Number of protein chains: 2
Amino acid sequence: MKKKLTLKQIAKELDVSVSTVSKALRDSVEISEDTRQKIKAFAKLYNYKPNNIALSLKNKKTKTIGVIIPEIVHHFFTTVISGIEQVANKRGYNVIICMSNNSFDKEVINMEMLANGSTDGFILSVAKETQQRGDYHHLLEVINQGMPLVMFDRVIDEIECDKVIIDDTIGAREAVQHLIDIKCKNIALITTVDYVSVGKLRTQGYHEALVHNNMKINDDLILKVEDFDHSEEEIRKFLSGKDIDGVFAVNEHFAIYAIKAFHENGLRVPQDVSVVGFTNGELSKQFIPSLTTVSQHGAEMGAQAARLLIKKLENDEGEEEPYETIIVETSLIERNSTKR
Amino acid sequence: MKKKLTLKQIAKELDVSVSTVSKALRDSVEISEDTRQKIKAFAKLYNYKPNNIALSLKNKKTKTIGVIIPEIVHHFFTTVISGIEQVANKRGYNVIICMSNNSFDKEVINMEMLANGSTDGFILSVAKETQQRGDYHHLLEVINQGMPLVMFDRVIDEIECDKVIIDDTIGAREAVQHLIDIKCKNIALITTVDYVSVGKLRTQGYHEALVHNNMKINDDLILKVEDFDHSEEEIRKFLSGKDIDGVFAVNEHFAIYAIKAFHENGLRVPQDVSVVGFTNGELSKQFIPSLTTVSQHGAEMGAQAARLLIKKLENDEGEEEPYETIIVETSLIERNSTKR
DNA sequence: TTGTAGGCGTTATCAA
DNA sequence: TTGATAACGCCTACAA
């Protein structure tokens, strides 16, 4: 077992000084062609690689990006990570991923852990609990220390930083408009409780679409699911006995539970009821009927977030740039859960 | 914007030496109660946190684990990561995740990047391309440098290291046995090409189950999918016109494509054909009919891998321990794609 | 052309 | 009880 080679060892081996080795390896003109070759050959032979940690300490840069997401077992976040990885790796950055599991405490702990030198900046989608509590001290602290922070998807308006979002409201509006276009009259909304920012925005899009088409909003047709773990139950109860010909659900699971509930009641999708979901996951593609859905282009969001962050990181010396908010367009993907 | 506080700054501020500060903060008895309190109060007030990078350099430990997986957009790997995160975080380790995207080159680059000081050890599921090429120099090198490596799921027999696997063969055998138990006579296998280790093993399980029940193996009933991206096509063609009453597919996608193909041919699942998949993903749960499948217990695998790795890391000083291979049991989850 | 010295932030050892 | 020094691995300004 040969331990990692260091400059010092090379220097001793070749009987030169450490700085000579360092310079030679960086192709400094200060060093004679001769020794330079000798040193480089030796380094190559023994596969010398500089130690990242030492470099980080010296440069005060770690070249890594910290990503904190609420949950990974969720196709959307998975695609976002792919997007981040892509551009980060291309630009020479590592990616550290931590999960908050939607817990405020875990989010804080993870951020503090990473903020102590492990990363140069953060990409974050805020935990549900954090949104609920409205306690953002950890975010402010990180920003205050001069670490760039990019928020995506679940963002916090009050915090000033770069953001990558989709226009949830417009996405939802288009989804509902689609239902209206195919002649749905009684359109139900299955959404989350309001403190989840995206749920709230999508709910708003639903409202806007109805108002825009002079349809009245019937609160009986709106379900705000309290508990994700029992959403299937809640949805089944909500739907039973209601006269509905269209459903807009704010995620794919809700959409599928709705379809299942309809099936149980002898209703056919899309012949009797049309259903639109949100998030273009594997489920939406493979379910029968496949789901018409609002695609959030997660990889694109991740890529944009990474670009934004790296831009801030590499601009560090320069002038203060204003914060940006990038809105990634959604697109409605029509499949078989809605009539034509 | 206040930059991060360092020992040096505290020392200057309080007019003591750096080492006094260091000791005080670590509650050394060397320091008088008085100054200790003073220093700790100050540190707390300004929220001092030691710099991880400096600690890493000093201790030659990063307290982070590098995880390299072929693809994250895959429910199984996602659950494994959850498992790793859980135990790693609990024991004070960070987790860096990189994706190889099943590319040999990316796997090598990621490993080299992380091996240069960024991580203390690796948890890895090998890229498809790596298995195909049989080039493992990067793995050997890492091991050679004394960095512990734990492989999971897609492992390489020739490499000596800790491993966490499921018994793919037994899992497959049980799946096929289940089909036999419910009186299937013509059982097809939809698997991958042989260089994917898990595909090969599951194929073997299929063989064993048939042999064990004195059924003959009919190569016409075996499909080795070449190209994942066109698997749906391949499967449809393969299945058409064949007299089949049971299918064992080595992943959930293949299983679903099979079901879809049967539907197109007017066959009902499970009444006319029973289908068993592998991997208990979201698709298996939500698809209609829901899939009978072999669950791999990904989170459990991840947790075991992390435990194994941390054990090696923390035993560093001690005696050489032999390598372990942990076999996580699979379990057959019966749902609606197979008759009772 | 090469080497020395200092520093990044921390801790351990030894001296005062 | 406190402080100075060296070290982790690397880089760079400056001296030789």
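Residue numbers begin at 1 in each chain, while the letters A, B, ... track the order of the sequences. Quick caveat, the model's predicted, so the values are computed rather than measured.
Looking at D162(A), its side chain never comes within 3.5 Å of a backbone N or O of V164(A) through a donor-acceptor pair. Using a distance-only test at 3.5 Å, with no hydrogens or angles considered, no donor-acceptor pair links the side chain of N315(A) to the main chain of K311(A).
Side chain K60(A) to base dC8(C): no donor-acceptor pair is found below 3.5 Å. Counting atom types as modelled, K23(A) pairs a side-chain N or O with a base atom of dG3(C) as donor and acceptor under 3.5 Å.
Between K61(B) atom NZ and dT10(C) atom P there is a gap of 19 Å when expressed in whole angstrom units. What separates CG of N116(A) from P of dG9(C) is a distance of 13 Å, to the nearest Å. The distance between atom NZ of K58(A) and atom P of dC11(D), rounded to the nearest whole Å, is 8 Å. Summarising the geometry, the separation between CG on L55(B) and P on dC8(C) is reported as 16 Å, rounded to the nearest angstrom. For K4(A) and dC10(D), the NZ to C1' distance is 14 Å, given to the nearest whole Å. Atoms CG (N51(A)) and P (dA7(D)) sit 18 Å apart, rounded to a whole Å. Rounded to whole Å, the distance from CG on N59(B) to P on dT11(C) is 8 Å. Look at CG on N52(B): it is 13 Å from P on dG9(C), rounded to the nearest Å.
Interface residues of residues 7-22 of chain A facing DNA chain D, ordered by number: L7(A), K8(A), S19(A), S22(A); criterion, heavy-atom separation under 4.0 Å. Contacts between residues 26-47 of chain B and DNA chain C, defined by a heavy-atom separation below 4.0 Å, involve R26(B), listed by number.
Summarising the geometry, atom NZ belonging to K23(A) is positioned 10.5 Å from atom CD1 belonging to I39(A); distances are rounded to the nearest 0.5 Å. For the atom pair I96(A) CD1 and T64(B) OG1, the distance stands at 6.0 Å (nearest 0.5 Å).
Between K40(B) and K44(B) the shortest side-chain heavy-atom distance does not fall below 4.5 Å.
Between F42(A) and Y46(A), the angle of the ring planes lies from 30° to 60°, which puts this pair in the tilted group. Ring orientation note: the planes of F152(B) and F76(B) are tilted relative to one another, at an angle of 30° to 60°.
Checked by atom type, the side-chain pair N101(B)/E85(A) shows no donor-acceptor distance below 3.5 Å.
L57(B) comes within 4.0 angstrom of a nucleotide base, judged by non-hydrogen atoms across all strands.
For residues 121-134 of chain A, the pairs satisfying salt bridge (charged side-chain N to carboxylate O under 4.0 Å, His left out) are E129(A)-R133(A), with sequence neighbours left out.
Here Y48(B) reaches the OP1 or OP2 of dT10(C): one of its side-chain N or O atoms lies under 4.0 Å away.
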